[in-house]
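Here the structure is laid out as structure tokens; the discussion comes afterwards.
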Number of protein chains: 2
Amino acid sequence: MRIGELAATAAVSTKTIRYYESIGLVREPERTRSGYRDYSPAAVERLRFIREAQATGLTLAEIQSVLELKDAGAASCDHTRRLVERHLVDIDAQITRLEIARAELLDLAERADALDPTTCTDPNRCQVIEGSP
Amino acid sequence: MRIGELAATAAVSTKTIRYYESIGLVREPERTRSGYRDYSPAAVERLRFIREAQATGLTLAEIQSVLELKDAGAASCDHTRRLVERHLVDIDAQITRLEIARAELLDLAERADALDPTTCTDPNRCQVIEGSP
DNA sequence: TGCTTCCTTCCAGTCGACTGGAAGGTCATC
DNA sequence: GATGACCTTCCAGTCGACTGGAAGGAAGCA
């Protein structure tokens, strides 16, 4: 199948497929005599795999390292598991950062509610943001 | 004071200060006869304000809109509060996304633990990532 | 033959917040 | 007058995952 059909089937853009090819995430397909990319049905699976892995938060670089092992025929479960675990640590760190930011923002919002806006006139001071405990 | 001293005092780089000036976040300072930037002590406060606002998760564009109101002498508490509240909604959405991703990853990790790696040999399938319930 | 739709390559831009580096000017100190 | 620290401007690059657009070739149909 040509790139347009693959794109429609896998619900990605043709641009994205060519981009994936350019970074080595999908292999170069056969070409028709006129130079069009000609994909096998397996390409749909590969794109689906990439999208699923992406949905779990893996970056394209991480997905690529899984795919390379898969392509080499290696038992990739172990590698994938390590990647997944590393990513889990990252996600936990991100969540922690966001929760800290969230608490700070809540604090600001409450302080803003408690303040009289007419007293907030010093152009070099904003009582909402400044003056944290 | 010159840019190096300001940078050291406010714990930012000179590059960052010039960048902030280029996007209008800090005003153009006076210049010495030789063309060096010459800052008033108030610049330290402004940078400190920017860094604090940034630490609460506001983007530079958002900080700029607060600063513009402050510079205009307007009562900015109300505007700040709205920005803060909007950002709170964003953060909650981000946290939710991350928690979903986290649950998926945990699931993957458990599945990986339960699998026998020697059965993961089909180069087009990875039992860890695929076959989600 | 013309029209449309699809395909090709290649280059450049997006977002956010900087950072690096080149080429050259200025100031204080030895 | 030489050295070194500091300053100037300007241009380009980073990261990640694409997206836009130009210029031109190919396939199918009336």
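By convention in this document, chain letters (A, B, ...) are assigned in the order of the sequence lines, proteins followed by strands, and residues within each chain are numbered from 1.
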From OG1 (B/Thr9) to CZ (B/Arg48), nearest 0.5 Å:
13.0 Å
Checking the side chain of B/Asp38 only, and the main-chain atoms of B/Met1 only, is there a donor and an acceptor separated by less than 3.5 Å?
yes
If I take atom CD in residue A/Glu21 and atom C1' in nucleotide C/dT9, what distance separates them, rounded to the nearest angstrom?
12 Å
Roughly how far, to the nearest 0.5 Å, is CG of A/Leu25 from CG of A/Leu60?
5.5 Å
From A/Leu47 atom CG to A/Thr16 atom OG1, the distance as rounded to the nearest 0.5 Å:
9.0 Å
Do B/Tyr36 and B/Val26 belong to the same hydrophobic cluster, where Ile, Leu, Val, Met, Phe, Trp and Tyr are linked whenever their side-chain heavy atoms lie under 4.5 Å apart, directly or via other members?
no
Taking only the side-chain heavy atoms of A/Thr16 (C-beta and beyond), determine which of C/dT8, D/dT19, D/dC7 contains the nearest atom.
D/dT19
Please state how far atom CD in B/Gln64 lies from atom C1' in C/dA17, giving the value in whole angstrom units.
13 Å
Atom CZ of A/Arg2 to atom P of C/dT5: distance rounded to whole Å?
14 Å
Look up atom OG1 in A/Thr32 and atom CZ in A/Arg2, then write down how far apart they are to the nearest 0.5 Å.
8.0 Å
Tell me what A/Gln54 touches on the nucleic acid: a base, only sugar-phosphate, or nothing, going by heavy atoms under 4.0 Å.
sugar-phosphate
As a check of understanding: the bend across the helix from C/dT1-D/dA30 to C/dC30-D/dG1, end axes from five pairs, rounded to 10 degrees, works out to 40°
Whole-Å distance, B/Ile50 CD1 to C/dA17 P, equals 12 Å
Looking only at heavy atoms, the pair that brings B/Gly4 and B/Thr14 closest together is CA-CG2, 4.0 Å
Return the value, rounded to whole Å, for the distance between atom CG of B/Asp38 and atom C1' of D/dT8.
15 Å
In Å, rounded to the nearest 0.5 Å, how long is the span from CZ of A/Arg33 to CZ of A/Arg31?
15.0 Å
Looking only at side-chain atoms of A/Ile3, point me to the closest of D/dT8, C/dT19, C/dC7.
C/dC7
Could you check whether B/Arg18 gets within reach of a base, just the sugar-phosphate, or nothing at all, counting any heavy atom under 4.0 Å?
base
Any residue of residues 28-37 of chain A with a heavy atom less than 4.0 Å from an atom of DNA chain C
A/Arg31, A/Gly35, A/Tyr36, A/Arg37
Heavy atoms of B/Ser13 and B/Ala7 approach each other most closely as C-CB, 4.0 Å
Heavy atoms only: give me the nearest A/Tyr39-A/Glu21 pair and the separation to one decimal.
OH-OE1, 3.7 Å
Any B/Ser13 side-chain N or O less than 4.0 Å from OP1/OP2 of C/dC18
no
Distances under 3.5 Å between protein N/O atoms and the N/O atoms of nucleotides 21-24 of chain C, please, pair by pair.
| from | atom 1 | to | atom 2 | distance (Å) |
| --- | --- | --- | --- | --- |
| C/dG21 | O6 | B/Lys15 | NZ | 2.2 |

When you measure from the side chain of B/Thr14, which nucleotide among D/dC7, C/dA17, D/dC18 comes out closest?
D/dC7
CZ (A/Arg18) and CZ (A/Arg37) are apart, to the nearest 0.5 Å, by 5.5 Å
May I have the distance from A/Tyr19 (atom OH) to C/dT9 (atom P), rounded to whole angstrom?
17 Å
Taking only the side-chain nitrogens and oxygens of B/Tyr20, find out if one of them lies under 4.0 Å from OP1 or OP2 of C/dC18.
yes
How long is the line joining CG of B/Leu6 and C1' of D/dT8, in whole Å?
16 Å
Main-chain N/O of B/Ala42 paired to B/Glu45 side chain as donor or acceptor, under 3.5 Å
no
Rounded to whole angstroms, how far apart are CD1 on A/Ile23 and P on D/dT19?
13 Å
